[in-house]
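Below is one structure, written out as structure tokens; the observations come after it.
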Amino acid sequence: MTIYEHRDSITAISGAVASLSLKVPGGLLRDVLIRANTATTLFRANLQDSNSVVRQDYAFHRGEIHDTAITLPIQGQWSVNIANASADDTFQVVLGIQES
């Protein structure tokens, strides 16, 4: 089993920012971590596939989203979109993908 991790540090300006993964040949998304630098930052996030279809939508969270229950087929380049951030903040993004 091979695990691929997409890691990025991105800064939300005016409440929004996106991170684009490298091209994934195929696998299962098993771990999503989106962490704001400031624990009080309120934000929303979603995951879009290579066709710009929202495949996972997260409601408002404060400080961090850590989804370890996800099992989502993934292929190609995916985008992690952060929106409605309550403050300009830096976010750490990690996607853990189990390659097939």
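Along the sequence shown, the residues carry numbers beginning at 1.
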Answer with yes or no whether the hydrophobic clustering places V94 together with L47; edges join I, L, V, M, F, W, Y residues whose side-chain heavy atoms lie under 4.5 Å apart.
no
Any side-chain heavy atom of L72 sitting closer than 4.5 Å to one from L28?
no
Measure across T40 and R62 and return the closest heavy-atom pair with its distance rounded to 0.1 Å.
O-NH1, 3.0 Å
Please report the shortest heavy-atom distance between D8 and S19, naming the atom on each side.
OD2-OG, 2.7 Å
CD on E5 to CG on L95, rounded to 0.5 Å
9.0 Å
For a 4.5 angstrom cut-off between non-hydrogen side-chain atoms, does N84 reach R44?
yes
Could you go through the side-chain hydrogen bond (donor to acceptor under 3.5 Å, both in side chains) check for T68 and D31 one step at a time?
CA-CA 5 Å; T68 58; D31 186 31; 5.6 Å; no
Which atom pair, heavy atoms only, marks the closest approach of A36 to D89?
CB-OD2, 3.6 Å
Can you find a heavy atom in the side chain of I13 that is under 4.5 Å from one in the side chain of T11?
yes
T90-N37 side chain donor-acceptor pair, cut-off 3.5 Å:
no
Is the F91 ring parallel, tilted or perpendicular to the F43 ring (thresholds 30°, 60°)?
perpendicular
Can a donor-acceptor pair be found, under 3.5 Å and without considering hydrogens, that links the side chain of D67 to the backbone of A69?
yes
State, to 0.1 Å, how close A85 and T41 come at their nearest heavy-atom pair, and which atoms those are.
CB-CG2, 4.4 Å
May I ask whether L29 and L22 are part of the same hydrophobic cluster, defined by side-chain heavy atoms of I, L, V, M, F, W, Y residues being less than 4.5 angstrom apart, directly or through others?
yes
So, does D88 use its side chain to make a donor-acceptor pair with the main chain of S14 at under 3.5 Å?
yes
Do I70 and I65 sit in the same hydrophobic cluster, where Ile, Leu, Val, Met, Phe, Trp and Tyr count as joined when their side-chain heavy atoms come under 4.5 Å apart?
yes
Would you kindly say whether Y58 and N46 are connected by a side-chain donor-acceptor distance under 3.5 Å?
no
Give a yes or no on whether V24 and L33 share a hydrophobic cluster (residues Ile, Leu, Val, Met, Phe, Trp, Tyr; joining criterion: side-chain heavy atoms under 4.5 Å apart).
no
Looking only at non-hydrogen atoms, find the nearest pair between A12 and G15 and report the distance.
CB-C, 4.3 Å
Distance from W78 atom CH2 to R55 atom CZ, nearest 0.5 Å?
4.5 Å
When you compare the side chains of S50 and Q77, does any donor N or O come within less than 3.5 Å of an acceptor on the partner?
no
Just verifying a value: how many Å separate E99 CD and I74 CD1, rounded to the nearest 0.5 Å?
10.0 Å
For a quick check under 3.5 Å, do Q92 and R35 share a side-chain donor-acceptor pair by atom type?
no
When you measure from the side chain of H66 to the backbone N and O of E64, does any donor-acceptor pair fall under 3.5 Å?
no
Given side-chain contact (heavy atoms from CB on, under 4.5 Å), test V93 with I10 step by step and report yes or no.
CA-CA 8 Å; V93 175; I10 52 179; 3.8 Å; yes
To the closest 0.5 Å, what do you measure between CG (D57) and CD (Q48)?
10.0 Å
Which atom names give the shortest non-hydrogen contact between T71 and P73, and what distance separates them?
O-CD, 4.1 Å
Are V32 and L42 connected, step by step, through hydrophobic side chains (Ile, Leu, Val, Met, Phe, Trp, Tyr) whose heavy atoms are closer than 4.5 Å?
no
